[in-house]
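In this text the structure is predicted, and so the values were computed from the model without any measurement. First listed ligand is number 1; within each ligand, the first listed atom is number 1.
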Amino acid sequence: MSWLEGTVLENRHWTESLFSLKVEAPRLAFAAGQFVRIALDIGGERVARPFSFVNPPEDPVLEFYGIVVPEGPLSPRLEKLAAGERLYVASNPAGFLVLAEVPEAKTLWLLSTGTGIAPYLSILRTAAPWQRFRNVVLVHAVRYARELVYQDLLKKIERPQFRYVTFVSREPHAAALSGRIPAAIRDGRLEAAAGVALDAASSHVMLCGNPQMLKDAAAALAERGMRKHRRRNPGHITVESFW
Ligand SMILES: Cc1cc2nc3c(=O)[nH]c(=O)nc-3n(C[C@H](O)[C@H](O)[C@H](O)COP(=O)(O)OP(=O)(O)OC[C@H]3O[C@@H](n4cnc5c(N)ncnc54)[C@H](O)[C@@H]3O)c2cc1C
Ligand SMILES: NC(=O)c1ccc[n+]([C@@H]2O[C@H](COP(=O)([O-])OP(=O)(O)OC[C@H]3O[C@@H](n4cnc5c(N)ncnc54)[C@H](OP(=O)(O)O)[C@@H]3O)[C@@H](O)[C@H]2O)c1
């Protein structure tokens, strides 16, 4: 693995803690849903963290969506980068949250919390989900309504198969479900909001974001007879934990 030099083209601030970096860097081959390590030199050390690509693979400008973890070493510095500043991008994208690893299904569920929406924004802008699935449901759960980012991009996905369901957990918001994803899987509110069945016969579920959500959602899905997908033991759930 080697490091490539990237230049920040834009750092968009959605809220005081949410930002999106557009980066010009040498072309990288990756699959939608994968991540790459990005890094800064801090106090003489290269500090690197994985970030999912938001851009689809054919887009030459790299895009990453991040949150400031105030006590974290890297994210507060990434949030402060301005256009023209440098960062490093690893040369070896990786990750299994990709449609090539997903078996046939009628409905693809893309479940996320917080910045976990990032890899889905790449996947949704490729041809594969629309060619392979009758329904594609994007679910984004955030604490506050202002964290429902990338609305412009999502509005442009004018596919009849597409459903977009949101959760806002820490304030009332008329257009979103309240509470958390696992509870809404259990009590049927998620299925009702999407208007499609969530079951082992029809669905494959991708989970991305908060590791506790991944565990709790997988447990709720297990109650519906769904299990983790493995190449040698096909199932219905593919996960990527962000920490
Ligand atoms: C495969 C993979 C892909 C990732 N993709 C992204 C991405 O696209 N966008 C992104 O913002 N982060 C992503 N992360 C997390 C990212 O790598 C860093 O951990 C994060 O940017 C914080 O870095 P830090 O050095 O400031 O703090 P760290 O020391 O890395 O983390 C400190 C703590 O912050 C919390 N935390 C870390 N990441 C997040 C997060 N994303 N949301 C909420 N709390 C968090 C956890 O409690 C963690 O223990 C990904 C992680 C993995 C493993
Ligand atoms: N979001 C902010 O306002 C903010 C501001 C500054 C810094 N940060 C930093 O970012 C970190 C949190 O990031 P975030 O807001 O993206 O995180 P998050 O805690 O992962 O919350 C995102 C969504 O996931 C839900 N969730 C949490 N645990 C879950 C579980 N076990 N099962 C199902 N859903 C679950 C949350 O619901 P609940 O609300 O019910 O937990 C919320 O709706 C903080 O630790 C902090 O360092 C956040």
Per-residue contact class, R170 against ligand 2 - non-hydrogen pairs under 4.0 Å:
side chain
Can you tell me if H13 uses its side chain to pair, donor with acceptor, with the backbone of E79 under 3.5 Å?
yes
Between N210 and T113: side-chain donor-acceptor atoms closer than 3.5 Å
no
Provide the number and element of each atom of ligand 2 under 4.0 Å from a heavy atom of M213.
30 (C), 31 (N), 32 (N), 33 (C), 34 (N)
Mark yes or no for whether Y120, through its side chain, and L111, through its backbone, hold a donor-acceptor pair below 3.5 Å.
yes
With backbone taken as N, CA, C and O and side chain as the heavy atoms from C-beta onward, which portion of K215 lies under 4.0 Å from ligand 2: side chain, backbone, both, or neither?
neither
Is there a side-chain contact between L99 and F133 in this structure, where contact means two heavy atoms from C-beta onward sitting under 4.5 Å apart?
yes
Geometry only, no angles: is E71 polar-contacting ligand 2 at N/O separations under 3.5 Å?
no
To which protein heavy atom is atom 42 (C) of ligand 2 closest, and what is the distance rounded to 0.1 Å?
S169 OG, 3.4 Å
Heavy-atom distance from atom 31 (O) of ligand 1 to the protein below 4.0 Å?
no
Check whether any N or O atom of D216, backbone or side chain, sits under 3.5 Å from an N or O atom of ligand 2, and answer yes or no.
yes
Starting from atom 8 (O) of ligand 1, which protein heavy atom do you reach first, and at what distance in Å?
S52 N, 3.1 Å
Hey, are Y65 and S52 close enough side-chain-wise for a donor-acceptor pair under 3.5 Å?
no
Tell me the protein heavy atom at minimum distance from atom 26 (N) of ligand 2, and give that distance in Å.
R180 NE, 3.8 Å
Could you tell me, atom by atom, which parts of ligand 2 come under 4.0 Å of a heavy atom of G114?
16 (O)
Closest to atom 8 (N) of ligand 2 among protein heavy atoms sits V68 O, 3.7 Å
What atoms of ligand 1 come closer than 4.0 angstrom to any heavy atom of G66?
11 (O)
Atom 24 (O) of ligand 2 - nearest protein heavy atom and its distance
T113 CG2, 3.2 Å
Considering only protein heavy atoms, which is closest to atom 41 (N) of ligand 1, and at what distance to one decimal place?
T115 OG1, 2.8 Å
Nearest heavy atom to atom 15 (C) of ligand 1 wins, so pick from F19, F53, F242.
F242
To the nearest 0.5 Å, tell me how far E85 CD sits from L9 CG.
12.5 Å
Take R125 and E58 through the salt bridge (Lys or Arg N to Asp or Glu O under 4.0 Å) test and state the conclusion after the steps.
CA-CA 10 Å; R125 286 183 288 165; E58 72 275 11; over 6 Å; no
Which atoms of ligand 1 are found less than 4.0 Å from any heavy atom of Y65?
7 (C), 8 (O), 9 (N), 10 (C), 11 (O)
May I ask you to check whether V142 has an N/O atom sitting below 3.5 Å from an N/O atom of ligand 2?
yes
Side chain, backbone, both or neither: E71 near ligand 1, heavy atoms under 4.0 Å:
neither
Is there side-chain contact between L97 and Q34, with at least one heavy-atom pair below 4.5 Å?
no
Ligand 2 atoms nearer than 4.0 angstrom to some heavy atom of P182 are 32 (N), 33 (C)
Compute the minimum heavy-atom distance from F167 to ligand 2 and say whether it is under 4.0 Å.
no
Drop me the distance from K215's NZ to M213's CE, to the nearest 0.5 angstrom.
11.5 Å
Cation over ring, R12 on W14, under 6.0 Å and within 45°?
yes
Under a 4.0 angstrom heavy-atom cut-off, which atoms of ligand 1 come close to I67?
11 (O), 40 (C), 41 (N), 42 (N), 43 (C)
Same cluster or not: M206 versus L121, using hydrophobic residues (I, L, V, M, F, W, Y) connected whenever any side-chain heavy atoms lie under 4.5 Å apart?
yes
Atoms in ligand 1 flagged as close to P76, the criterion being non-hydrogen separation under 4.0 Å:
26 (O)
Closest protein heavy atom to atom 2 (C) of ligand 2, given as residue, atom name and distance to 0.1 Å
E147 OE2, 3.2 Å
Would you mind checking which non-hydrogen protein atom is closest to atom 27 (O) of ligand 1, with the distance to 0.1 Å?
G72 CA, 3.4 Å
Within 45 degrees of the axis of the six-membered ring of Y144 and under 6.0 Å from its centre: does R146 put its NZ or CZ there?
yes
Which atoms of ligand 2 are found less than 4.0 Å from any heavy atom of V69?
47 (O)
A student checking ligand 2 against Y144 at a 4.0 Å heavy-atom cut-off should list atoms 3 (O)
Would you call E101 and R231 a salt bridge, taking side-chain N to carboxylate O under 4.0 Å as the test?
yes
Can you find a non-hydrogen atom of P73 under 4.0 Å from ligand 1?
yes
re atom 39 (C) of ligand 1, the protein heavy-atom contact at minimum distance is W243 CE3, 3.4 Å
Which residue and atom name correspond to the protein heavy atom nearest atom 17 (O) of ligand 2, and how close is it?
R143 NE, 3.8 Å
Identify whether the distance between the nearest side-chain nitrogen and carboxylate oxygen of E147 and R170 falls below 4.0 Å.
no
Are L148 and H140 close enough that some pair of their side-chain heavy atoms sits under 4.5 Å apart?
yes
Report, in ascending order of atom number, the atoms of ligand 1 lying under 4.0 Å from any heavy atom of S241.
52 (C), 53 (C)
N/O to N/O below 3.5 Å, does that happen between R49 and ligand 1?
yes
In the protein, what heavy atom is nearest to atom 18 (P) of ligand 2, and what distance, to one decimal place, separates them?
N210 ND2, 3.8 Å
Best match, T113, V69, L21: closest heavy atom to atom 35 (C) of ligand 1
V69
Is A141 in contact with ligand 2, taking contact as a heavy-atom separation below 4.0 Å?
yes
Need the ligand 2 atom indices (1-based, order shown) with element for anything under 4.0 Å from a heavy-atom of P70.
47 (O)
Do V168 and I117 share a hydrophobic cluster, counting only Ile, Leu, Val, Met, Phe, Trp and Tyr and linking them when any side-chain heavy atoms are less than 4.5 Å apart?
yes
State plainly whether the residues R46 and D41 are in salt-bridge range, i.e. N to O under 4.0 Å.
yes
Less than 6.0 angstrom separating the ring centers of F53 and F30, yes or no?
yes
Tell me the nearest of A48, G209, P50 to atom 2 (C) of ligand 1, using heavy-atom distances.
P50
Measure from the side-chain N and O atoms of R77 to the backbone N and O of P73, and report whether any donor-acceptor pair falls under 3.5 Å.
yes
With heavy atoms under 4.0 Å as the rule, classify the contact between F51 and ligand 1 as side chain, backbone, both or neither.
both
Residue, atom name and distance, where the atom is the protein heavy atom closest to atom 26 (O) of ligand 1:
S75 OG, 2.6 Å
Just verifying a value: how many Å separate W109 CH2 and L138 CG, rounded to the nearest 0.5 Å?
11.0 Å
Mind checking whether V68 and L18 have side chains closer than 4.5 Å, heavy atoms only?
no
Does H204 have its ring centroid less than 6.0 Å away from the ring centroid of H229?
yes
To check your reading of the model: name the closest protein heavy atom to atom 4 (C) of ligand 2, its residue, and the distance in Å.
S17 OG, 3.9 Å
Within the 4.0 Å heavy-atom cut-off, what F35 brings close to ligand 1 is side chain
